[in-house]
Protein chains: 2
Amino acid sequence: MGLRERKKEKTRLTILDTALDLFLEQGYESTTVEQIAGAVDVSPRTFFRYFTSKDHLALWFHDHGEEIMLAALESRPADESPFSSLMHALRALVSDLEESTPEESARFLKLRRLLEDNPRLTGQSVARCARTEELLAAVVAARRGTDPADDRLAHLIVAFAMSTLRVGLECPRREGSLPEVTERMAETIALAERSLRPGWDLG
Amino acid sequence: MGLRERKKEKTRLTILDTALDLFLEQGYESTTVEQIAGAVDVSPRTFFRYFTSKDHLALWFHDHGEEIMLAALESRPADESPFSSLMHALRALVSDLEESTPEESARFLKLRRLLEDNPRLTGQSVARCARTEELLAAVVAARRGTDPADDRLAHLIVAFAMSTLRVGLECPRREGSLPEVTERMAETIALAERSLRPGWDLG
DNA sequence: TAATCTATGTCAGCGCATGACACATGACAA
DNA sequence: TTGTCATGTGTCATGCGCTGACATAGATTA
């Protein structure tokens, strides 16, 4: 990895961390892009080259999480039931969180607090999850040998799985250290698995 | 209802219908608020007094749907299991759709097409649903005698129910007359009910 | 009719976001 | 090392969404 790429990655994280601190300090709405850019000493224009929007900052982890889930799902055996595979993908997400560096953990917890304080961002977060749902549904439909646009069961399977993820991460929203969050996430996965009829996702 | 109120309601619907037609004709992004306001012959400022944002236009039905679901949920017997009550609330939504006037139906179908063509709006729609989820979760938690902020099962129940709603309405997205949509919705509700273990939501 | 309320228009301004262009700095081969 | 190319960055200009403040015209009530 060349100097260029390393520098870019560093700038991206600097922007993110700086913005996060500003948000938590003085509020999301009352922090302008100009201000963030100024604090990192880049032009506002450059900010938008790293993050497509101000909201995008808050959804940073979603990009990463999506990759993890997709990779985990693809790596599951093809004959495993779709919902089980998705639950394993969720567990992969939890593992990734548990193995994250202190910096990453700190970022994650800050992001979580940010979302908690800003309903609008929570909404954006859910919307971002919906995009992930589309991708996952396509994979599940492929495994089922159906057309993703038609396969209602595939969508329902994925929607239930993503519901599990959201509830596990967001409920209860307040506080919580990283181990507490991952622990709750694991519990929620177990709860979801207990709640559904065995084989319901094989229709 | 005085002249004032009637006129307001009429203006609101005129704005909505005009905007909807403009959107479908020339695209959502490339239609400006100024243009919509011009077409209805009101000032842009007035537009924002009727709709809090341009996106709000596309989420118009959500406000209505939310009311229906909440009312239906409240009217269910307190000893019914939460998920069953929610499924009844969904059926109430379907009934409302079936009984809607031709104008309302047309609006609904146009909105659906609009959402289909604009992923960003689909996202906003999901985000709006998340807000409804919060309200429903509070009601369910109240029935269960728990703190809504803590009750993960309550959130999971509601999330599963809203997943059912979304999948039923959006999958498949393309085309579809109103009877087709309501029929698919009914099927999806039945599918969800079949998929879950009886009594799973009573823990 | 007079007194009030309220919906609307006007104006001014902020913040987010994007395209175009010029410049500088890292990458890479001769 | 040096020259060339690719790419990241700043500057400038602009458009659009959205909001506050204030004045006015029209509806409402007495």
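Per chain, numbering begins at 1; letters A, B, ... match sequence-line order.
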To the nearest angstrom, how far is [X] atom [atom1] from [N] atom [atom2]?
{"X": "K54(A)", "N": "dA17(C)", "atom1": "NZ", "atom2": "P", "answer": "8 Å"}
{"X": "D41(B)", "N": "dT10(C)", "atom1": "CG", "atom2": "P", "answer": "10 Å"}
{"X": "H56(A)", "N": "dC16(C)", "atom1": "NE2", "atom2": "C1'", "answer": "16 Å"}

Check your understanding: Between residues 18-30 of chain A and DNA chain D, which residues have a heavy-atom gap below 4.0 Å?
Key ->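 None - not one residue of the stretch has a heavy atom sitting under 4.0 Å from the strand.
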
**Study point:** N/O (side chain, Y50(B)) to phosphate O (OP1/OP2, dT8(C)) under 4.0 Å
**Key:** yes

Can you list everything that forms a side-chain contact (heavy atoms from CB on, under 4.5 Å) with [X]? Sequence neighbours excluded, please.
{"X": "R45(B)", "result": "S43(B), F48(B), R49(B)"}
{"X": "T188(A)", "result": "T164(A), V167(A), R152(B)"}
{"X": "A149(B)", "result": "R174(A), D147(B)"}
{"X": "E9(B)", "result": "R12(B)"}

Point to revise | With sequence neighbours excluded, residues passing ring pair (Phe, Tyr, Trp, His ring centres under 6.0 Å) with Y50(A) | key: none

Exercise for review: Pick base, sugar-phosphate or nothing for S43(B), based on heavy-atom distances below 4.0 Å to the nucleic acid.
Suggested key: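 Base, at least one base atom sits under 4.0 Å.
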
Revision key, fill the gap. Residues 107-122 of chain A vs side-chain hydrogen bond (donor to acceptor under 3.5 Å, both in side chains), sequence neighbours excluded, gives D17(A)-R107(A), D21(A)-K110(A), E29(A)-R120(A), D55(A)-R120(A)

Point to revise | N-O pairing of R173(A) and E170(A) below 4.0 Å | key: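 Between E170(A) and R173(A) there is a salt bridge, with a charged N closer than 4.0 Å to a carboxylate O.
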
Check your understanding: Given that S53(B) and T11(A) both sit by DNA chain D, which one's nearest nucleotide is further toward the 5' end?
Key -> T11(A)

Check your understanding: 5' to 3' on DNA chain D, which nucleotides open and close the contacts with chain A (atom under 4.0 Å from a heavy atom)?
Key -> dA6(D) to dT11(D)

Listed partners of [X] passing side chain to side chain donor-acceptor pair (under 3.5 Å), at least two apart:
{"X": "Q35(B)", "value": "Q26(B)"}
{"X": "E34(B)", "value": "none"}
{"X": "R184(A)", "value": "none"}

Check your understanding: Just how far is it from atom CZ of F61(B) to atom OG of S100(B), taken to the nearest 0.5 Å?
Key -> 6.5 Å

Study note, to complete from the structure: Its contact letters, B for base, S for sugar-phosphate only and - for none at protein heavy atoms under 4.0 Å, make nucleotides 19-30 of chain C read BB----BBS---

